[in-house]
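Bear in mind the structure is a predicted one, so any value in this text is a computation, not a measurement. Values below: all heavy atoms of this structure, side chains included; hydrogens, waters and symmetry mates excluded.
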Amino acid sequence: MKTILTFLSVILLTGSCYALQIEVCKSCPVSTLKEAISQAKDFDTIFVKKGTYKEHNILVNKPLTIIGKNYPVIDGELKGEIITIISDHVTVDGLFIINVGTSYTEDYAAIRVRKSKHFVIKNLVLEKLFFGIYIEKSSYGKVFHNKVIGDAVEEYNSGNGIQLWYSNHIEIEHNYVEHVRDGIYLEFSDDCLIKNNVSALNVRYGLHFMFSNDDTYQDNIFENNGAGVAVMFSKKIKMYNNTFKENWGTASYGMLLKEINDAEIIGNTFEENTIGINIEGSNRIIYKHNNFKNNGWAIKVKGACYTNSFIENNFLYNSFDIAYNSKINDNKFDRNYWSSYTGYDLDKDGVGDVPYRPVKLFSYIVNRTPETIILLRSMFIDIIDFSEKVSPVFTPDNLLDNNPLTKQVKW
């Protein structure tokens, strides 16, 4: 038995010794990436030297490591998709990929991963693209330290920067995405980690995901996107320490929540957005330790939102803190700091002695008649808000923060 095991070990070691390194350059015996892939054996490493390689429809159909030295350019000449990976255990590192073809029937990508496991896409620069990195029906992959720079102007003729479709257990970290349709897009993709990315200046959404559960979004920046961030039809989402900033426009928000259940939204900053969070049909969500600063509306709650908790958040200098379109409230507001709170704290315990009513009558009026916003700073508005506070008629009479904090929350 010992002899057999020794023999097998020798075979495995010998097999691993056959992994080769192939160099690609204009003066090398192998002058194209396609040719190198064709000649390579499983688990070989291909080094692509600096230069410009005019290739597209490159198919990686075996486990390989492809490394660019000094960012060689792979130019697709606008002819279609550039690199497609259909094997497990593939790494692509350090390429500059440009000129993806545009189509109204095909989602051409700079690099596509299809039905692959244990892949790594890193240190790429992608420009002049339709879709950037497109991952479909794949799992246990990593996408990190990539720069995706599009030139999108309209939604209809542009693609997404990083897209996941029916893909699970994917890590997307430290990527920079701008000027595409949606910066990061997930659909039917569970158990993914989206961390430390910057998604800015995109035509539509900085982040857009639907039907994707148990995902974590942490320490990302979503800034100055056309419509902000859209989070739809998903459950058990965790959003920690992200920044949603400068998403302005009549149909823009820091974040839209639609049909989201059993989620945690903790430690985020919503600053200078038309609406910090627009919430519809979302239940059992914990909002804690978030900063809402200088937004038009900090939070806009539409129909069918139940048993949500807003605890220890800071509401700082928003035009409106909370907008509600119903007289029924089933959500909890407790121990938040409100910059417009004018109550007192006689026992100096840091908690106001008078409950705070965050929904103003004027926000109710503006919701129904947007043109009235021009009256925002008038004395008339102060009078009607005071009268509604004394005797609520149009706003939820039980929507109170009974323990408003007198100092900002620190965490």
message = When you measure from the side chain of Asp107 to the backbone of Gly159, do you find a donor-acceptor pair of N or O atoms at a distance under 3.5 Å?
response = no
ask   = Checking side chain to side chain donor-acceptor pair (under 3.5 Å) against Asn290, which of Asn313, Asn314, Thr269, Asn336 comes through?
value = Asn313
query = Under the 3.5 angstrom rule, does the side chain of Asn273 hit a backbone N or O of Asn247 as a donor-acceptor pair?
reply = yes
ask   = What distance do Leu207 atom CG and Leu256 atom CG have between them, rounded to the nearest 0.5 Å?
value = 11.5 Å
request  = Kindly give the heavy-atom pair with the smallest separation between Asp182 and Asn160, and that separation in Å.
outcome  = N-OD1, 3.1 Å
inquiry  = Could you check whether any side-chain N or O of Ser252 sits under 3.5 Å from a backbone N or O of Thr274, counting only pairs where one atom can act as donor and the other as acceptor?
reply    = no
inquiry  = Quick check against the 3.5 Å criterion: does Ser189 have a side-chain atom that pairs as donor or acceptor with the backbone of Ser167?
reply    = yes
message = Any side-chain to backbone donor/acceptor pair from Asn175 onto Val143? Under 3.5 Å, distance only.
response = yes
key: Minimum side-chain heavy-atom gap Tyr53-Cys25 below 4.5 Å   = yes
note = Between Phe211 and Ser234, the two heavy atoms sitting closest are N-OG, 3.3 Å
task = Could you pull out the closest heavy-atom pair between Phe315 and Ile322, with the gap in Å?
result = CE2-CD1, 4.0 Å
request  = Using a 4.5 Å cut-off on heavy atoms from C-beta on, say whether the side chain of Asn57 contacts that of Glu81.
outcome  = yes
task = Go through the side-chain N and O atoms of Glu136 and Tyr134 and say whether any donor and acceptor fall under 3.5 Å apart.
result = no
task = Would you sort out whether Lys137 and Trp165 count as a side chain to side chain contact (heavy atoms under 4.5 Å, CB included), showing the intermediate values?
result = CA-CA 6 Å; Lys137 295 185 177 180; Trp165 185 68; 3.7 Å; yes
request  = Would you check, one step at a time, whether the test side chain to side chain contact (heavy atoms under 4.5 Å, CB included) holds for Phe320 with Val359?
outcome  = CA-CA 8 Å; Phe320 304 105; Val359 179; over 6 Å; no
query = Do Phe209 and Ile184 have side chains that get closer than 4.5 Å, going by heavy atoms?
reply = no
remark   = Rounded to the nearest 0.5 angstrom, the CD1-CG distance for Ile275 and Asn295 is 9.5 Å
task = Taking the side chain as every heavy atom from C-beta outward, state whether Val100 and Phe131 have any atom pair closer than 4.5 Å.
result = no
message = For a side chain to side chain contact (heavy atoms under 4.5 Å, CB included) check, start with the C-alpha distance between Ile133 and Ile172, then their side-chain angles and the critical distance, and finish with the verdict.
response = CA-CA 11 Å; Ile133 300 169; Ile172 300 176; over 6 Å; no
task = State whether a side-chain donor-acceptor pair under 3.5 Å links Trp338 with Asp321.
result = no
request  = Test side chain to side chain contact (heavy atoms under 4.5 Å, CB included) on Ile121 and Asn146 and set out the steps.
outcome  = CA-CA 8 Å; Ile121 309 296; Asn146 302 290; 4.3 Å; yes
ask   = Quick one: does Asn220's side chain have a donor or acceptor within less than 3.5 Å of a partner on Asn197's backbone?
value = yes
query = Counting only heavy atoms not in Lys34, do more than 12 sit closer than 6.0 Å to its NZ atom?
reply = yes
Derivation of the salt bridge (charged side-chain N to carboxylate O under 4.0 Å, His left out) call for Asp262 and Arg284 = CA-CA 5 Å; Asp262 304 296; Arg284 300 180 301 279; 2.7 Å; yes
Any donor-acceptor pair under 3.5 Å from Asn294 side chain to Glu272 backbone = no
inquiry  = Is it the case that the ring center of His174 lies less than 6.0 angstrom away from the ring center of Phe144?
reply    = no
query = Are any of the side-chain heavy atoms of Asn268 and Tyr287 separated by less than 4.5 Å?
reply = no
Non-hydrogen side-chain atoms of Asn278 and Trp297 separated by less than 4.5 Å = no
query = Can you tell me how far NZ of Lys142 sits from NE2 of His118, rounded to the nearest 0.5 angstrom?
reply = 11.0 Å
query = What distance separates Phe47 CZ from Cys28 SG, expressed to the nearest 0.5 Å?
reply = 12.5 Å
query = About how many Å separate CG of Asp93 and CG of Leu124, when rounded to the nearest 0.5 Å?
reply = 7.5 Å
inquiry  = Could you check whether any side-chain heavy atom of Thr243 comes within less than 4.5 Å of a side-chain heavy atom of Glu271, counting everything from C-beta outward?
reply    = no
message = Using a 6.0 Å cut-off, check whether atom NZ of Lys26 has over 12 heavy atoms from anything other than its own residue.
response = yes
query = Asp334 and Asn403: side-chain donor and acceptor closer than 3.5 Å?
reply = yes
inquiry  = In terms of relative ring orientation, are His208 and Tyr185 parallel, tilted or perpendicular, with 30° and 60° separating the classes?
reply    = perpendicular
message = Quick check on side chain to side chain contact (heavy atoms under 4.5 Å, CB included): which of Ile279, Ile285, Asn283, Ile265 does Ile260 satisfy it with?
response = Ile285
inquiry  = Ignoring hydrogens, what is the shortest heavy-atom contact between Val231 and Val229? Give both atom names and the distance.
reply    = CG2-CG1, 3.9 Å
inquiry  = Given 3.5 Å as the limit, does a donor-acceptor pair link the side chain of Asn242 with the main chain of Ile221, or not?
reply    = no
key: Closest contact, heavy atoms only, Gly183 versus Ser199   = CA-OG, 3.4 Å
inquiry  = Pairing donors with acceptors under 3.5 angstrom, does anything connect the side chains of Ser340 and Tyr356?
reply    = yes
key: Criterion salt bridge (charged side-chain N to carboxylate O under 4.0 Å, His left out) on Glu280 and Lys258, from CA distance to verdict   = CA-CA 5 Å; Glu280 183 175 349; Lys258 184 175 178 62; 3.4 Å; yes
message = Testing the basics here: between Ile82 and Asn99, what is the closest heavy-atom pair and its distance to 0.1 Å?
response = CD1-O, 3.9 Å
request  = Apply the side chain to side chain contact (heavy atoms under 4.5 Å, CB included) test between Leu64 and each candidate in Thr45, Asp44, Val92; give the one that qualifies.
outcome  = Asp44
ask   = Considering the options Gln218, Glu264, His289, which one meets the side chain to side chain donor-acceptor pair (under 3.5 Å) requirement together with Tyr240?
value = Glu264
Salt bridge present between Arg335 and Glu312 (N-O < 4.0 angstrom) = yes
task = Examine the side chains of Asn331 and Tyr324 and answer whether a donor and an acceptor come within less than 3.5 Å of each other.
result = yes
Any side-chain heavy-atom pair of Pro72 and Leu95 under 4.5 Å = yes
ask   = Can you tell me if Ser212 uses its side chain to pair, donor with acceptor, with the backbone of Met210 under 3.5 Å?
value = yes
message = Distance check, rounded to the nearest 0.5 Å: Tyr140 atom OH versus Glu171 atom CD?
response = 11.5 Å
ask   = Is the side chain of Lys62 donor-acceptor paired with the backbone N or O of Ile37 at a distance under 3.5 Å, no angle test?
value = yes
